[in-house]
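Shown next, in structure tokens, is the structure this report addresses.
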Protein chains: 2
Amino acid sequence: MATIRDVSRESGLSTGTISKALSTPEKVSPKNLARVEAAIKKLNYKPNMLSQKFRKKTSNTIVVLVPDIANLFFAKVISGIETVAQKEGFSVLLGDTKDSIEREKEFVSMVETKLADGIINLRPYKDGDALLPKEGIISVNASSCENTPGATVRIDNVQASQKVVEYLISLGHKRIGVISGLADNPHTVDRLKGYKKALSNFDIEYDADLIVEGDFNYWSGLSAAETFTRMADIPTAVFCMNDQMAIAAMKGFTDKGLKVPDDMSVTGFDDMNVSRYCTPTLTTVAQPAEKIGEKSAELLFELLSGIKPKVTEHILPYEFVIRESTSAPK
Amino acid sequence: MATIRDVSRESGLSTGTISKALSTPEKVSPKNLARVEAAIKKLNYKPNMLSQKFRKKTSNTIVVLVPDIANLFFAKVISGIETVAQKEGFSVLLGDTKDSIEREKEFVSMVETKLADGIINLRPYKDGDALLPKEGIISVNASSCENTPGATVRIDNVQASQKVVEYLISLGHKRIGVISGLADNPHTVDRLKGYKKALSNFDIEYDADLIVEGDFNYWSGLSAAETFTRMADIPTAVFCMNDQMAIAAMKGFTDKGLKVPDDMSVTGFDDMNVSRYCTPTLTTVAQPAEKIGEKSAELLFELLSGIKPKVTEHILPYEFVIRESTSAPK
DNA sequence: CTGTTAGCGCCTTCAT
DNA sequence: ATGAAGGCGCTAACAG
């Protein structure tokens, strides 16, 4: 493998000149530039970026910490991050933690060992078991919840949930079930808060029996739907905390002979691509996943460049999308 | 930032000893080991991995080239890759090319510039515009098609497609439509081949009018379904080349008043999670996406370690899953 | 504009 | 088992 020294020898110029020819060609005479190029081509020289990074003490790499990359929402956020990172000349290291705190630690330590310059964390912040934010580690929390410390990008989960539930109420629903995420998940907490606000705004009493705990995966939505159908006083609508559970719930209700939306209105959260193509199409909250990724990356690069950003908590707009899965109760 | 030299000074030991204490502690006396540890803790020393990699001339990083990470199938493959990579102590750099050949080039050059040791390519190989395989660059093509050169991991697309179509024929269908991917996509080519084989096995004449071109995205499935409903002689079943188009097609048919599967059988390809929760549930080919990722990574690491693997073309088993979207024609 | 020089932080012989 | 010394490939002063 040819090194810069080989190019120097071949071209009869010093390594310093070669280096400059590569980084700031306008500061090298055209004649010499041509000689450098010729030598590079002849030797098929490729600069050793590892050496460059070492020398410059910067990896130009960020790590994206993600609980599970096979979750479409996260994948979209990452896509947004990638777009911005490439524009800035950064690489993104994938930190699929598979929900293991051990793996998460390893990835965090990558910035301590210079392998990465900063971190974007897609795992919602939870008091107590959070590795980030951490002193000396530049990070952004993407898709966070209320009261997340440090730099964050998110939508207003409380408000969005409230809006969904108030819409159901406006249709005439009074008994509205919830398929939640795990009870201690911060998104669950925020979205439940919005649900309660909506009820209280319209003087509907909160009934804890109407909250069925899921885990954001399909299966739990199906199972929760069955739970509802076994209730003595079945609700007329169900607010699901993500689209996956909502789609599975629609199936669960359909299987038990309930028509959606005639017998049961169902709403989701996220607006995955499939939600406008399933049957019936899903009323849901559209999260700007790619935008969240882009904004997070932009914020991280601001932080990385040393400027203190004016705003460190970005609350992005969401959209409430009404489709076929909701209607007035019979 | 403390360096190894600081630890050396603090502990009164040479840098060589510190280095050894970190890499092969069993070769350092317990007494000195303790002193090293004390010094490290006192100074909060973290080895500079950038320097380490530079010195060792290996990045311990692989790049995963993916046309679009917000595609669930790819995301799952990546998840499998990550699992194996972490076990091997490698990082994975995300190469979301967003279908741009320029970006792809950049990522490929990362191994030439030592930023990565090898590449796993999720883009199907197409004669003519393929950057990989390439001399001097260790790579594996994951989820490839027939006749892909170099190291590959895939399922037998032709056989799987044939099986699906023969199943439809066995149900009594004779006029079977296809919603394909883009015509020049290698997966389209392989799967169409299987479709034709099935027809010819059962002496059904191939009718090019029954092939409607899609692009593997939802929208094209919906649009193709509408095309079918406008045909004079509507088919009784449609073989879709992925689940996304199949789910959208089911919606398209339903919207036009056709019942699935009573009036129209629909099959997919991939078996995304949603396919067992949509309504009706989808008959499809289950690709072992995570396994494909794991196998690809294992193969790459074999290649990287310098051993010539006995097998460089891995054909993984798929599963044909029969669900509710198919039945005998009326 | 170009050449010289001195390291970046670490690992690895090679002695001891 | 430990220490001394050299150098990986590159960039960044600094001189000229």
Side-chain angles (χ1 to χ4, degrees), chain A residues 1-40 42-61 89 109-117, chain B residues 1-40 42-61 89 109-117:
Chain A
M1 202 78 259
T3 73
I4 201 171
R5 209 121 35 195
D6 298 321
V7 179
S8 157
R9 214 173 300 128
E10 175 71 29
S11 63
L13 297 160
S14 75
T15 60
T17 304
I18 312 300
S19 178
K20 224 166 297 177
L22 258 25
S23 56
T24 49
E26 68 278 9
K27 293 192 169 179
V28 171
S29 72
K31 244 166 264 188
N32 284 340
L33 208 54
R35 288 167 63 193
V36 172
E37 274 165 15
I40 286 179
K42 177 167 179 196
L43 301 173
N44 189 30
Y45 165 74
K46 310 274 179 191
N48 182 330
M49 302 286 282
L50 233 37
S51 171
Q52 232 170 274
K53 285 173 186 238
F54 163 58
R55 181 57 230 259
K56 293 200 174 173
K57 295 173 183 308
T58 168
S59 62
N60 269 40
T61 300
S109 85
M110 282 187 167
V111 357
E112 297 178 317
T113 60
K114 310 286 184 203
L115 279 189
D117 301 328
Chain B
M1 202 80 259
T3 74
I4 202 172
R5 211 126 28 200
D6 297 321
V7 178
S8 159
R9 215 172 298 128
E10 175 71 28
S11 63
L13 267 15
S14 76
T15 60
T17 304
I18 312 299
S19 179
K20 223 168 297 177
L22 257 23
S23 56
T24 50
E26 69 277 10
K27 292 192 171 179
V28 171
S29 73
K31 241 166 269 186
N32 284 342
L33 208 55
R35 287 167 62 193
V36 172
E37 274 164 14
I40 286 179
K42 177 167 177 195
L43 300 173
N44 189 30
Y45 165 74
K46 310 274 180 191
N48 182 329
M49 302 285 283
L50 232 38
S51 170
Q52 231 169 274
K53 284 173 186 238
F54 163 58
R55 179 57 231 259
K56 293 197 170 173
K57 297 173 182 308
T58 167
S59 64
N60 269 39
T61 300
S109 86
M110 282 187 168
V111 358
E112 297 178 318
T113 59
K114 309 287 185 203
L115 279 189
D117 300 329

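Hydrogens, waters and symmetry mates play no part in the numbers below; they use all other heavy atoms, side chains included. Lettering follows sequence order; numbering is per chain, from 1.
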Nearest-Å distance, CG (B:Asn60) to P (C:dC10)?
17 Å
What integer distance in Å separates B:Ile18:CD1 from D:dA4:P?
12 Å
Would you tell me if any nitrogen or oxygen in the side chain of A:Thr3 comes within less than 4.0 Å of OP1 or OP2 on D:dG9?
no
Passes side chain to side chain contact (heavy atoms under 4.5 Å, CB included), A:Thr61 versus A:Met110? Steps please.
CA-CA 10 Å; A:Thr61 300; A:Met110 282 187 167; over 6 Å; no
Atom-to-atom span, CG of A:Leu33 to P of C:dC1 - whole angstrom:
11 Å
Atom CD of B:Gln52 to atom P of C:dC8: distance rounded to whole Å?
17 Å
Taking C:dG7, D:dA1, C:dG9 as options, the one with an atom nearest any side-chain atom of B:Lys27 is D:dA1
Review item, side-chain donor-acceptor pairs of residues 8-22 of chain A, under 3.5 Å, at least two apart:
| unit_1 | atom_1 | unit_2 | atom_2 | d |
| --- | --- | --- | --- | --- |
| A:Ser8 | OG | A:Leu13 | O | 2.6 |
| A:Arg9 | NH1 | A:Asp6 | OD1 | 3.2 |
| A:Glu10 | OE2 | A:Lys42 | NZ | 3.0 |
| A:Ser11 | OG | A:Val7 | O | 2.8 |
| A:Ser11 | OG | A:Ser8 | O | 3.3 |
| A:Ser11 | OG | A:Leu13 | N | 3.3 |
| A:Ser14 | OG | A:Gly16 | N | 3.4 |
| A:Ser14 | OG | A:Thr17 | N | 3.2 |
| A:Ser14 | OG | A:Thr17 | OG1 | 3.1 |

Which residues pass the side-chain contact (heavy atoms from CB on, under 4.5 Å) test with A:Thr58, sequence neighbours left out?
A:Lys56, A:Asn60, A:Asp117
Proximal nucleotide (of C:dC1, C:dC10, C:dG9) relative to the B:Pro47 side chain:
C:dC10
Between atom CE in B:Met1 and atom P in C:dC8, what is the gap in whole Å?
16 Å
For DNA chain D, report each stem as range with range, ordered by first number, or say none. Use Watson-Crick or G-U wobble pairs under 3.5 Å, at least 3 in a row.
C:1-16 with D:1-16
Name all residues meeting the side-chain hydrogen bond (donor to acceptor under 3.5 Å, both in side chains) criterion together with A:Arg35; count only those two or more places apart in sequence or in a different chain, and write none if there are none.
A:Asn32
Which listed nucleotide (D:dC10, D:dC8, C:dC8) is nearest to the side chain of A:Asn48?
D:dC10
In whole Å, what is the span from the CG atom of A:Leu50 to the P atom of C:dC11?
13 Å
Does OP1 or OP2 of D:dC8 have a side-chain N or O of A:Ser51 closer than 4.0 Å?
no
Give the rounded distance in Å between these two atoms: CZ of A:Arg55 and C1' of C:dC10.
15 Å
Could you tell me how far apart B:Lys114 (NZ) and D:dC10 (C1') are, to the nearest whole angstrom?
14 Å
With a 4.0 Å heavy-atom cut-off, tell me which residues in residues 4-16 of chain B come close to DNA chain C, sorted by residue number.
B:Ile4, B:Arg5, B:Thr15, B:Gly16
Would you kindly compare B:Ser29 and B:Phe54 by the position of their nearest DNA chain D nucleotide and give the one closer to the 5′ end?
B:Ser29
Quick one: list whatever passes side-chain contact (heavy atoms from CB on, under 4.5 Å) with A:Ser109, sequence neighbours left out.
A:Glu112
Grab the N/O contacts between the protein and nucleotides 14-16 of chain C below 3.5 Å, and write none if there aren't any.
none

Check the surroundings of atom NZ in A:Lys114: do more than 12 heavy atoms from other residues, nucleotides or ligands lie under 6.0 Å from it?
no
Which donor-acceptor pairs under 3.5 Å do the side chains of residues 45-52 of chain A make with protein atoms, sequence neighbours left out?
| unit_1 | atom_1 | unit_2 | atom_2 | d |
| --- | --- | --- | --- | --- |
| A:Asn48 | OD1 | A:Leu50 | N | 2.8 |
| A:Asn48 | OD1 | A:Ser51 | N | 3.0 |

